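Everything quoted here is computed from the prediction, not taken from an experiment.
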Amino acid sequence: MGRFYYVFLLLIAFSLMVIYDLYDSFLLSVMLLLSPFCLYLFSKKAGRSVSFACEAPSRVERGKEAEIAISLKSPFLPFLSSPEVRLSGSPYEAYKEEKEGLVFYFTRSMVHCGRLSLGKITFSWKDPFGLFHFQRELPASPILVYPKQAGTFHDALAALRRIAGSEEVEYFGATEYKPGDNPHLINWKVTARKDDVYVRDSYPAGSDRIVLAADYEEDEVLRDTVGDALYSAGLALLSARIPFRFVFAALKGTASHTIRTREEWMDALSGFLRAGRTGALMGSGLSPYIPICYITGNPNPPIPPELFPAIWCAKEGAERAALSGRHEIYKALGGDA
């Protein structure tokens, strides 16, 4: 029932009351006058009781599309007319009725990596007779968009080895033979260049061979370059079975993770995307004797005086950087910008 029909019935009731002066006509008019008030209170309370759940892929890579599902659940949902959900003002693309409620589907292109804000969820509905229109706005939880792998493992490792220095090149992927080691794991290439025997190591002994440090940039383009370079460098080290330390600044201080597996790397990367800040090396307490690759978008990042990192700056024109600009970084990684 629309407002026009309701006004039409109301006029009929008043006409009957005036013409016939009947008690029944008076009661009908009073009921029609009070019914919208009851409908308003019931529909408003029923809409407020609806619970929301926003579901999105736990790991989505930038450049791809993600399907976002917003579900509505309430025992009063069948009594609401024309329920509709919008995400950041955009209408839904499909919906499905389920036993427990309704599910609305949206598709979003993940252009940039980082913490992606989905905006506001707007839920609108009407009373059963379509007389009143209601609306609720709720914030949607941000989702994490992961960077893309750039270049090749071979080129990325070569760039990282230049940071680590010539001494480290000989030991990447090998450690000195000790009694009890499997002789089938002898690394003959390294052994031929050394006086001692070396074996392939799955987890090299000693401290971390290299440190990756990164800043979470607010600028989306800079953040994409930083994220891609960081992600690719970490995967390249893991492909050579080289453990490393990952350092970034968070709200509660410096976060430091020792990475030995891909699972550990993805978990640490999630923490960086979720809570990362700028100024990764300040307060890090790193040793000046461990090679550091600092990936940032700041041409002049704050660095403790005892540290001398190799800076990969996503912004062009950084004089202090070993690699400056998106093109140089991607070229060093073996990919195209």
For this session: Would you sort out whether Lys148 and Glu61 count as a salt bridge (Lys or Arg N to Asp or Glu O under 4.0 Å), showing the intermediate values?
Result: CA-CA 6 Å; Lys148 294 172 59 177; Glu61 187 179 280; 5.7 Å; no
For this session: Dump the intermediate steps for side-chain contact (heavy atoms from CB on, under 4.5 Å) on Phe123 and Leu80, then the final yes or no.
Result: CA-CA 12 Å; Phe123 171 48; Leu80 302 181; 4.2 Å; yes
For this session: Report the C-alpha distance between Tyr330 and Thr225 in whole Å, list the side-chain angles of each, state the deciding distance to 0.1 Å, and finish with yes or no for side-chain contact (heavy atoms from CB on, under 4.5 Å).
Result: CA-CA 8 Å; Tyr330 274 68; Thr225 304; 4.2 Å; yes
For this session: Please report the C-alpha distance between Lys96 and Glu98 in whole Å, then the side-chain angles of each, then the deciding distance to 0.1 Å, and finally whether the salt bridge (Lys or Arg N to Asp or Glu O under 4.0 Å) criterion is met.
Result: CA-CA 6 Å; Lys96 180 175 65 176; Glu98 295 184 344; 3.6 Å; yes
Problem set entry | Working for side-chain contact (heavy atoms from CB on, under 4.5 Å), residues Leu212 and Leu237 | CA-CA 10 Å; Leu212 296 183; Leu237 291 171; 4.1 Å; yes
For this session: Please lay out, stage by stage, how Ile311 and Ile303 fare under the test side-chain contact (heavy atoms from CB on, under 4.5 Å).
Result: CA-CA 10 Å; Ile311 301 175; Ile303 299 173; 3.7 Å; yes
For this session: List the steps, then state whether side chain to side chain donor-acceptor pair (under 3.5 Å) holds for Asp215 with Thr296.
Result: CA-CA 5 Å; Asp215 286 343; Thr296 179; 2.8 Å; yes
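Side-chain atoms of Leu238 and Arg260, non-hydrogen and from C-beta on, never get closer than 4.5 Å to each other. Under the 4.5 Å side-chain criterion, counting only non-hydrogen atoms from C-beta, Leu235 is in contact with Gln149. Annotation: side chain of Thr254 is in contact with side chain of Val247 (closest heavy-atom distance under 4.5 Å). Looking at heavy atoms from C-beta onward, Ile259 lies out of side-chain contact with Pro243 at the 4.5 angstrom threshold. Annotation: side chain of Tyr105 is not in contact with side chain of Ile70 (no heavy-atom distance under 4.5 Å). Put simply, the side chain of Ser256 reaches to within 4.5 Å of the side chain of Arg245, judged on heavy atoms. A 4.5 Å side-chain heavy-atom check between Leu72 and Val103 finds every atom pair outside the cut-off.
Between the side chains of Arg136 and Thr122, no donor-acceptor pair of N or O atoms lies under 3.5 Å. Looking only at atom types and distance, the side chain of Thr152 has a donor-acceptor partner in the side chain of Asp155 under 3.5 Å away. Between the side chains of Tyr146 and Ser270, at least one donor N or O sits under 3.5 Å from an acceptor N or O. Side-chain atoms of Asp127 and Ser43 include no donor-acceptor pair closer than 3.5 Å. In the model, Ser49 has a side-chain atom that pairs as donor or acceptor with a side-chain atom of Ser74 under 3.5 Å. Side chain to side chain, Thr107 and Glu93 meet the donor-acceptor criterion of an N or O pair below 3.5 Å.
No option in Tyr231, Phe272, Tyr294 other than Phe272 meets the ring-ring contact (aromatic ring centres under 6.0 Å, His included) test with Phe246.
Closest non-hydrogen pair, Leu273 versus Arg115, comes out as O-CG, 2.6 Å. Considering all non-hydrogen atoms of both residues, Gly325 and Glu316 come closest at CA-CG, 3.5 Å. Tyr92 and Glu84 make their closest contact through CE2-CG, 3.7 Å (heavy atoms, listed as atom of the first residue, atom of the second, distance). Among all heavy-atom pairs drawn from Leu307 and Leu286, the shortest one is CD2-O, 3.5 Å. Of all heavy-atom pairs between Pro83 and Leu102, the closest is CG-CD1, 3.7 Å. Looking at every heavy atom in both residues, Pro305 comes nearest to Phe308 through O-CZ, 3.7 Å.
Within a 6.0 Å sphere centred on CD of Gln135, other residues, nucleotides and ligands contribute more than 12 heavy atoms. More than 12 heavy atoms of other residues, nucleotides or ligands shown are found within 6.0 angstrom of CZ on Arg59.
When ring centroids are compared, Phe42 and Tyr40 stay outside the 6.0 Å threshold. Ring centroids of Tyr216 and Phe248 are separated by 6.0 Å or more, keeping the two rings apart.
Within the 3.5 Å criterion, the main-chain N or O of Pro147 finds no donor-acceptor partner in the side chain of Arg62. Using modelled atom types, one side-chain atom of Arg223 and one backbone atom of Glu218 make a donor-acceptor pair closer than 3.5 Å. Remark: side-chain polar atoms of Arg108 are not paired, donor with acceptor, to backbone N or O of Ile68 under 3.5 angstrom. Not one N or O on the side chain of Ser124 forms a donor-acceptor pair closer than 3.5 Å with the backbone of Phe134. The backbone N or O of Val111 sits nowhere less than 3.5 Å from a side-chain atom of Ser109 that would complete a donor-acceptor pair. Using modelled atom types, one side-chain atom of Asp224 and one backbone atom of Cys113 make a donor-acceptor pair closer than 3.5 Å. Glu217 places a side-chain N or O within donor-acceptor distance of the main-chain N or O of Gly297, the cut-off being under 3.5 Å. At least one donor-acceptor pair closer than 3.5 Å links the side chain of Ser324 to the backbone N or O of Lys315.
Atom-to-atom distance recorded for Cys313:SG and Ile329:CD1 is 7.0 Å, nearest 0.5 angstrom. Separating the OG atom in Ser232 from the CG atom in Leu157 is a distance of 11.5 Å, to the nearest 0.5 Å. Rounded to the nearest 0.5 angstrom, Leu116 CG and Glu220 CD are separated by 8.5 Å. Of the inter-residue distances, the one linking Leu281 atom CG with Ile292 atom CD1 reads 5.5 Å to the nearest 0.5 angstrom. With rounding to the nearest 0.5 Å, the separation of CG in Leu87 from NZ in Lys120 is 12.5 Å. Atom CZ of Phe76 and atom CZ of Arg48 lie 15.0 Å apart (nearest 0.5 Å).
Grouping the Ile, Leu, Val, Met, Phe, Trp and Tyr side chains by contacts below 4.5 angstrom, directly or via other members, places Leu77 with Leu41. The same ILVMFWY cluster, assembled from side-chain heavy atoms under 4.5 Å apart, contains both Tyr95 and Leu138.
Taking the charged nitrogens against the carboxylate oxygens, Arg326 and Asp219 have no contact shorter than 4.0 Å, which rules out a salt bridge.
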